[in-house]
*Asks:* 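Below is the structure I would like to discuss, written out as structure tokens.
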Number of protein chains: 4
Amino acid sequence: MDEVRRPGRPRDAARDDALLDAARQVLLRDGYAGLSMEKVATLAGVGKPTLYRRWPSRAALVADAVLHSFLASVPGSPAPGPHATGSQRLADWFRAYAASVGDPHHAAMVLALTAAAAESPHAAESLYRQHTRGQYESLVGHLRAGVASGEFRADADLEAVADALIGSVLYQLLTRTEQAAPARAEHLLQLLLPGLRAPGRPG
Amino acid sequence: MDEVRRPGRPRDAARDDALLDAARQVLLRDGYAGLSMEKVATLAGVGKPTLYRRWPSRAALVADAVLHSFLASVPGSPAPGPHATGSQRLADWFRAYAASVGDPHHAAMVLALTAAAAESPHAAESLYRQHTRGQYESLVGHLRAGVASGEFRADADLEAVADALIGSVLYQLLTRTEQAAPARAEHLLQLLLPGLRAPGRPG
Amino acid sequence: MDEVRRPGRPRDAARDDALLDAARQVLLRDGYAGLSMEKVATLAGVGKPTLYRRWPSRAALVADAVLHSFLASVPGSPAPGPHATGSQRLADWFRAYAASVGDPHHAAMVLALTAAAAESPHAAESLYRQHTRGQYESLVGHLRAGVASGEFRADADLEAVADALIGSVLYQLLTRTEQAAPARAEHLLQLLLPGLRAPGRPG
Amino acid sequence: MDEVRRPGRPRDAARDDALLDAARQVLLRDGYAGLSMEKVATLAGVGKPTLYRRWPSRAALVADAVLHSFLASVPGSPAPGPHATGSQRLADWFRAYAASVGDPHHAAMVLALTAAAAESPHAAESLYRQHTRGQYESLVGHLRAGVASGEFRADADLEAVADALIGSVLYQLLTRTEQAAPARAEHLLQLLLPGLRAPGRPG
DNA sequence: GAGTAACCGAGACGGTACGTCATGTCTTAAT
DNA sequence: ATTAAGACATGACGTACCGTCTCGGTTACTC
């Protein structure tokens with residue numbers, strides 16, 4: 001718990017923020033392909049060794065930059081009431097998630113993380129998962145609550161639902177230049193809910 | 001219709017194949033991050049200008065290499081009978097698709113294409129979609145047949161189904177180092193079919 | 001003597017001129033360093049093989065281009081009377097030579113030839129001499145006439161005189177960006193004549 | 001006066017020497033035409049950027065390599081006595097200069113410098129002069145001493161003498177494959193001295 | 001006239017080198 | 001021990017030329 005005080009000049013935490021900001025800025029402007037360690041360091045007004053001391057690679061830097069972007073900008077779905085049904089909580093979460101990708105900022109971050117994970121599976125080692133786990137588990141949590149309340153089938157593969165919802169949005173992001181229609185999210189929910197609901201429990 | 005013969009020495013089609021082969025070989029060994037134009041040209045025994053004359057960028061080369069890989073290796077799902085129901089055709093297609101990603105060759109190709117599309121959205125211009133359209137339309141075709149036969153709801157958003165199925169597999173590929181469980185594909189189908197079927201048409 | 005008629009379509013002499021013209025044009029604009037076979041061929045509206053069929057190398061092309069430039073543009077000194085003394089003929093020749101280098105055209109040609117000869121002594125094989133022999137021998141001829149008339153010492157090393165005169169102009173061309181002063185030529189003549197004149201023969 | 005210490009890692013002076021040595025080695029073996037920046041960098045065991053950081057072009061590198069070669073290898077003429085006459089000092093200098101070109105090492109250096117200066121007059125900007133000024137001024141110094149002692153004419157154009165002597169050697173180097181005869185140097189001196197001597201001052 | 005052979009343009013080919021940029025490590029002086 | 005600055009070896013970038021080749025087509029001499 002207590003920080004170990006190492007000798008010598010301590011690291012300046014302000015540099016971390018400057019570097020992460022710079023990284024996000026470059027990602028937004030030039031995409032993952034256009035992000036070089038050199039460019040980020042220069043833009044942040046920081047020496048290269050300072051950058052390498054904190055993140056050993058482009059992928060690691062991007063992962064952190066994206067994660068912090070989520071923490072800062074996505075405060076979660078719009079506070080569902082504690083007594084909301086599983087369907088409502090699921091729908092609220094997914095609508096918020098699908099909408100967030102409409103923000104170019106956010107879309108750029110997701111694409112960057114995807115690029116980092118896809119370009120070298122050996123090195124990335126489930127980089128993507130590690131940094132999207134928060135959202136993934138948030139979604140699975142909502143689903144589990146629906147199961148607990150008896151609304152959703154007990155034998156439903158909740159991870160399959162999560163993969164389909166998140167994967168669907170990702171795939172649209174990769175293949176559509178125009179923004180994904182919000183109606184598509186609605187339709188997908190309507191498709192999945194019947195299979196998810198416990199028998200004898202109409203929508 | 002007839003090919004216009006441009007003046008000058010014609011391009012040697014054998015170089016195309018040598019380059020695409022070399023690209024696939026590098027992708028398989030080193031991933032998208034480890035693919036350099038230089039390496040591909042050298043491996044193919046070809047000069048760099050010959051490579052650049054055909055593909056202006058790494059992303060374009062990879063896209064073609066992956067596309068030709070599919071054409072060569074994925075002859076489609078295992079020939080569903082013409083009288084198969086929509087559910088059967090859909091399930092057959094998706095099982096085959098999910099299984100194909102189990103092949104490391106194929107998985108590497110999909111990851112490479114994903115990396116190319118994600119790393120520079122400006123340049124890629126729906127690169128991914130362009131090269132996966134074949135599979136996408138094949139899937140949507142099966143779904144449409146199910147609608148025509150009255151088995152599937154006429155108002156179902158077929159593209160939402162396709163996005164969810166393909167996206168689900170892609171997301172698993174990106175986030176799981178271990179191979180995706182075949183059971184997951186089955187579960188997803190069971191989740192989607194109830195919402196897809198026309199009312200009064202039990203599974 | 002009579003040309004051997006080879007079978008097949010004869011070479012088009014007009015291409016030679018177009019190529020030599022193009023070469024001179026490039027030399028004048030970009031210098032020897034800026035002359036590429038490609039550029040010359042393109043400028044002349046001619047295919048590369050047509051160029052290589054006539055001149056096997058940059059140096060050979062430049063040598064010919066420069067030689068033809070001299071033949072075309074330097075009709076020699078301003079016609080000395082047949083009864084002119086050796087001193088007069090020498091001075092006339094040298095003044096004309098020194099002046100000709102003042103012409104940027106001509107200066108560029110001399111520099112190009114110098115570059116070609118200097119850059120690869122192995123390949124050039126006295127390229128320079130071969131193409132400047134005309135002027136060299138013209139000068140030595142004037143000197144020999146002076147010896148024959150008894151005006152110049154019989155034991156004078158005429159080639160040493162020629163080397164000094166031509167070399168002096170060349171060295172000035174290489175080391176002075178501003179144009180060489182015409183007075184310099186006059187002074188050099190005054191320096192050399194006393195040593196050249198036969199004893200008892202005042203200037 | 002005191003060197004300003006710029007921030008960052010200072011340049012390694014050893015690289016300069018390695019690069020200049022490599023350049024001279026290549027010049028000697030392959031001539032100016034055969035010298036590529038790539039070859040020099042590789043031979044010196046140095047990266048290309050390190051080379052380009054110091055010399056922006058082939059011509060600049062060659063000029064420095066040649067200059068340092070002279071500084072290292074040509075300690076000047078063989079120490080004329082302080083009481084030597086102008087004629088003697090002049091003859092000593094010129095004999096040493098003419099002989100030095102007999103050394104293939106030295107000849108290659110002079111040719112390389114000539115090539116660099118001749119091939120792109122725009123870029124070179126009196127490159128040649130800048131790097132041969134040392135010798136030029138040494139020679140003019142000897143001549144001026146002769147004028148001061150009254151041996152040489154006060155109105156002699158000393159630069160014309162220098163141009164003729166140096167230019168003569170250069171021209172022979174460019175046009176003769178065989179080594180220039182030492183007798184030629186002697187003859188040239190005999191030709192020039194009468195015109196150079198003050199009236200009433202016999203040789 | 002039909003062959004035939006060398007010409008012509010255009011441009012692809014395997015190469016080499018260009019000059020620039022980024023990588024990740026290092027050295028330096030200063031904080 | 002950290003910092004900014006920047007040199008360093010390495011290697012890829014995308015481009016320009018090299019000199020050779022392969023095309024379809026042209027031209028002129030020889031059967």
Side-chain angles (χ1 to χ4, degrees), chain A residues 5-12 14-15 34-42 44-58, chain B residues 5-15 18 34-42 44-58, chain C residues 5-15 34-42 44-58, chain D residues 5-15 34-42 44-58:
Chain A
R5 254 252 158 248
R6 286 174 303 166
R9 174 173 171 178
R11 285 198 187 161
D12 183 348
R15 310 293 175 197
L35 182 144
S36 71
M37 298 296 262
E38 192 113 21
K39 207 188 281 183
V40 171
T42 303
V46 143
K48 275 198 292 175
T50 299
L51 173 52
Y52 278 102
R53 214 172 280 124
R54 288 146 205 255
W55 295 278
S57 71
R58 201 161 67 122
Chain B
R5 255 241 160 260
R6 284 177 308 160
R9 174 174 173 175
R11 290 201 184 154
D12 184 348
R15 311 295 171 193
L35 182 145
S36 72
M37 297 298 260
E38 195 115 20
K39 208 187 283 182
V40 171
T42 302
V46 145
K48 271 199 291 176
T50 297
L51 173 51
Y52 278 102
R53 218 172 276 129
R54 288 143 204 261
W55 294 279
S57 71
R58 205 162 64 120
Chain C
R5 256 260 158 242
R6 285 177 303 165
R9 174 177 174 174
R11 287 196 187 159
D12 183 349
R15 311 295 175 194
L35 182 144
S36 71
M37 297 297 261
E38 193 114 20
K39 209 188 279 183
V40 171
T42 301
V46 144
K48 275 199 289 177
T50 299
L51 172 52
Y52 278 102
R53 215 172 278 129
R54 288 144 206 259
W55 294 278
S57 72
R58 202 162 68 122
Chain D
R5 258 249 158 252
R6 284 177 308 160
R9 175 174 174 177
R11 289 200 185 156
D12 184 348
R15 312 293 172 191
L35 182 145
S36 73
M37 298 297 260
E38 194 116 18
K39 209 189 280 182
V40 171
T42 301
V46 144
K48 272 199 290 177
T50 298
L51 173 50
Y52 278 103
R53 214 173 280 128
R54 287 142 206 261
W55 294 279
S57 71
R58 203 161 67 120

*Asks:* NA contact type, R53(D), heavy-atom cut-off 4.0 Å: base, sugar-phosphate, or nothing?
*Replies:*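 Result for R53(D) = base.
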
*Asks:* What nucleic acid atoms does R58(D) come within less than 4.0 Å of, heavy atoms only: base, sugar-phosphate, or nothing?
*Replies:* nothing

*Asks:* Pick the nucleotide of DNA chain E nearest each of S57(A) and D12(B); which residue has the one closer to the 5' end?
*Replies:*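 Comparing both residues, the 5'-ward one is D12(B).
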
*Asks:* Indicate, with a heavy-atom threshold strictly under 4.0 Å, whether P49(D) touches base, sugar-phosphate, or nothing.
*Replies:*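 Base, at least one base atom sits under 4.0 Å.
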
*Asks:* Take S36(C) and S36(B), find for each the nucleotide of DNA chain F with the closest heavy atom, and name the residue whose nucleotide sits nearer the 5' end.
*Replies:* S36(B)

*Asks:* Roughly how many Å is it from CG in L51(D) to P in dA17(E), rounded to a whole number?
*Replies:* 14 Å

*Asks:* Could you check how far CD of E38(D) sits from P of dT20(E), rounded to whole Å?
*Replies:*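 The distance from CD of E38(D) to P of dT20(E) comes to 13 Å, rounded to the nearest Å.
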
*Asks:* Can you check whether R11(C) has a side-chain N or O nearer than 4.0 Å to OP1 or OP2 of dA28(F)?
*Replies:*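 No, no such contact exists.
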
*Asks:* Decide yes or no for T50(C) and R53(C): does some side-chain heavy atom of the first lie under 4.5 Å from some side-chain heavy atom of the second?
*Replies:*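 Yes. Closest side-chain heavy atoms under 4.5 Å.
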
*Asks:* Of the listed nucleotides (dA9(F), dA12(F), dT2(F)), which one gets closest to any side-chain atom of V46(D)?
*Replies:*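 Nearest nucleotide to the side chain: dA9(F).
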
*Asks:* On DNA chain E, check which nucleotide each of L35(A) and R15(B) is closest to and give me the residue with the more 5' one.
*Replies:* R15(B)

*Asks:* Have a look at K48(C) and say if it touches a base, only the backbone sugar-phosphate, or nothing, with a 4.0 Å heavy-atom cut-off.
*Replies:*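 Counting heavy atoms under 4.0 Å across all strands, the contact made by K48(C) includes a base.
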
*Asks:* Between the base of dC21(F) and the side chain of R9(B), is there any donor-acceptor pair under 3.5 Å?
*Replies:* yes

*Asks:* Using modelled atom types only, decide if a donor and an acceptor are shared between the side chain of R58(B) and the backbone of L35(B) within a distance under 3.5 Å.
*Replies:*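 A pair under 3.5 Å: yes.
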
*Asks:* So, do M37(C) and K48(C) sit near enough that their side-chain heavy atoms are less than 4.5 Å apart?
*Replies:*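 M37(C) vs K48(C): side chains apart.
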
*Asks:* Nearest heavy atom decides the nucleotide; on that basis, is P56(B) or M37(C) closer to the 5' end of DNA chain F?
*Replies:* P56(B)

*Asks:* Tell me whether R15(B) contacts the main-chain N or O of R11(B) through its side chain, where contact means a donor paired with an acceptor under 3.5 Å.
*Replies:*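 Between the backbone of R11(B) and the side chain of R15(B) there is no qualifying donor-acceptor contact (under 3.5 Å).
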
*Asks:* Output yes when at least one side-chain N/O atom of T50(C) is less than 4.0 Å from OP1 or OP2 of dG9(E), else no.
*Replies:* yes

*Asks:* Can you measure Y52(D) atom OH to dA17(E) atom P for me and round it to whole angstrom units?
*Replies:* 11 Å

*Asks:* On a heavy-atom basis, which atom in K39(B) and which in G34(B) lie closest, and how many Å separate them?
*Replies:*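 Closest approach of K39(B) to G34(B), heavy atoms only: NZ-O, 2.7 Å.
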
